[in-house]
Asker: 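The structure follows.
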Protein chains: 2
Amino acid sequence: MSDQLGMVFGALADPSRRQVIGYLSERGTATATELTGELPMTRQAVAKHLATLADAGLVESERQGRETRYRLTEAGAEWDDRLDSLKRHLERRRR
Amino acid sequence: MSDQLGMVFGALADPSRRQVIGYLSERGTATATELTGELPMTRQAVAKHLATLADAGLVESERQGRETRYRLTEAGAEWDDRLDSLKRHLERRRR
DNA sequence: CTGTAGCGCAACTTGGAGGTTGCACATGAT
DNA sequence: ATCATGTGCAACCTCCAAGTTGCGCTACAG
């Protein structure tokens, strides 16, 4: 599909994926197996989320030896910032 | 559910719903029947999209006589602006 | 009061998202 | 050479989103 914006929003709609973005932002890089320790699901499920994020252009991967390390793309880092702003914006508004 | 941010992103992930936001931004208000003329689907489908947008807090409705008029909330109007910025941002980046 | 225009509700179908399990393959350690 | 670790692929299940059709109710017009 070529609905770039739609893919990005679709990727961001899932809380697990937003959490992955947060972790990658803190730690720089991570493997699917590492992230599995942080999320209540199997490695394969995490891998699917990472694939979705990669399709949306928010994450990129590089194979190093027998592990595959993921990191945020520039677009992904920008969205991590926007997510912070949006959360604060929502909390302000809630009262 | 209480994943406010997730609901917003989920709502924005659908191109038809983004289009509805655009129309409401241009015209101020519209009914489901009016919007049906602009989208390749039935009135009930449009009504569902409007309900999704309302759940996400992007749109609100008011019944006037026998029609129900929808308009953007403040949050919806802000997102209409952000969508414009994002589209331009994406186009710049594409080259 | 009868017709018709606009809505809402409910049932149903279909496709895809999110998750699991099982297995095969590659790579580093012993 | 063998074993363990990390990955990828594929099949499968379940649930929800998106859309349709059909029907019944409300409200304005004649």
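We name chains A, B, ... by the order of the sequence lines, and we start the count at 1 in each one.
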Asker: If you assign each of A:Tyr70 and B:Ser16 to its closest nucleotide in DNA chain D, which residue comes earlier from the 5' end?
Answerer: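 Mapping each residue to its closest nucleotide by heavy atoms, the 5'-most match is A:Tyr70.
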Asker: Grab the two heavy atoms, one from B:Ser61 and one from B:Thr68, that are nearest each other, plus how far apart they are.
Answerer: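 Heavy-atom minimum between the residues: CB-CG2, 3.8 Å.
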Asker: Compare every heavy atom of B:Leu24 with every heavy atom of B:Thr29, then report the nearest pair and how far apart it is.
Answerer: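 Minimum heavy-atom separation between B:Thr29 and B:Leu24: C-CD2, 4.0 Å.
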Asker: If you assign A:Pro40 and B:Glu34 each to the DNA chain C nucleotide with the nearest heavy atom, which residue ends up on the more 5' nucleotide?
Answerer: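 Result: B:Glu34.
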Asker: Let me know the distance between CZ of A:Arg18 and P of C:dG18, rounded to the nearest Å.
Answerer: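 Result: 12 Å.
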Asker: What's the CG-P distance between A:Asp14 and D:dC15, to the nearest Å?
Answerer: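 Distance, rounded to whole Å: 17 Å.
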Asker: Between A:Lys48 (NZ) and D:dT7 (P), how many Å, whole number?
Answerer: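 Going from NZ in A:Lys48 over to P in D:dT7 covers 17 Å.
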Asker: Can you work out whether A:Gln64 or A:His49 has the more 5'-proximal nearest nucleotide on DNA chain C?
Answerer: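 Going by which nucleotide is closer to the 5' end, it is A:His49.
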Asker: Of the nucleotides D:dG19, C:dG19, D:dT7, which has the atom closest to the A:Thr31 side chain?
Answerer: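 Taking heavy atoms from C-beta onward, the closest nucleotide is D:dT7.
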Asker: Can you tell whether the side chains of B:Glu34 and B:Arg43 come within less than 4.0 Å, N to carboxylate O?
Answerer: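 No, this pair does not count.
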Asker: Contact class for A:Thr42 vs. all strands (heavy atom < 4.0 Å): base, sugar-phosphate, or nothing?
Answerer: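 If one applies the 4.0 Å heavy-atom cut-off, A:Thr42 turns out to touch a base.
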Asker: Regarding D:dG22, can its base be found pairing with the side chain of B:Gln44 as donor and acceptor, where the two atoms are less than 3.5 Å apart?
Answerer: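 Yes, a donor-acceptor pair under 3.5 Å.
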Asker: Select base, sugar-phosphate, or nothing to describe what A:Thr52 touches, counting heavy atoms under 4.0 Å on all strands.
Answerer: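 Answer is nothing: A:Thr52 stays at 4.0 Å or more from every strand.
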Asker: Write down the distance between CD (B:Glu62) and C1' (C:dG8), rounded to a whole number of angstrom.
Answerer: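 Value for this atom pair: 18 Å.
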Asker: Can you see which heavy atom on A:Asp80 is nearest to which on A:Gly22, and at what distance?
Answerer: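 Heavy atoms only, the tightest pair is OD1-CA, 4.0 Å.
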Asker: Can you figure out which of C:dG19, D:dT5, D:dA27 approaches the side chain of A:Ala45 most closely?
Answerer: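 Within the option list, the nearest is C:dG19.
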Asker: Separation of A:Leu50 atom CG from D:dT7 atom C1', in whole Å?
Answerer: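 Spelled out: CG on A:Leu50 to C1' on D:dT7 is 12 Å.
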Asker: Using a cut-off of 4.0 Å on non-hydrogen atoms, how would the nucleic acid contact of A:Arg69 be classed: base, sugar-phosphate, or nothing?
Answerer: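 Counting heavy atoms under 4.0 Å across all strands, no contact is made by A:Arg69.
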Asker: Among D:dA29, D:dG19, D:dG8, find the nucleotide with the atom closest to the side chain of B:Arg66.
Answerer: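 Among the listed nucleotides, the one closest to the side chain of B:Arg66 is D:dA29.
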Asker: How many whole angstroms separate atom CZ of B:Arg63 from atom C1' of C:dA5?
Answerer: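 Rounded to the whole Å, the gap is 12 Å.
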Asker: Which pair of heavy atoms, one from B:Ala13 and one from B:Arg18, lies closest together, and at what distance?
Answerer: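 Of all heavy-atom pairs spanning B:Ala13 and B:Arg18, the closest is O-NH1, 3.4 Å.
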Asker: Given C:dG8, is OP1 or OP2 found less than 4.0 Å from the side-chain N or O atoms of B:Thr68?
Answerer: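 For C:dG8, OP1 or OP2 has a side-chain N or O of B:Thr68 closer than 4.0 Å.
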Asker: Between atom CG in B:Leu12 and atom P in D:dA18, what is the gap in whole Å?
Answerer: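 Whole-Å distance recorded here is 12 Å.
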Asker: Can you tell me if A:Glu78 has over 12 outside heavy atoms packed within less than 6.0 Å of its CD?
Answerer: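 Enclosed: over 12 neighbouring heavy atoms sit under 6.0 Å from CD of A:Glu78.
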Asker: What's the closest nucleotide to the A:Arg17 side chain, out of D:dC28, D:dA4, C:dG18?
Answerer: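 Per side-chain heavy atoms of A:Arg17, the pick is C:dG18.
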Asker: Distance check needed: C:dG18 C1' versus A:Leu53 CG, whole Å only.
Answerer: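 These atoms are roughly 13 Å apart.
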Asker: Using only modelled atom types and a 3.5 angstrom limit, is any donor from either the side chain of B:Arg43 or the base of C:dG8 paired with an acceptor on the other?
Answerer: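 Looking at the base of C:dG8, it does pair with a donor or acceptor on the side chain of B:Arg43 (distance under 3.5 Å).
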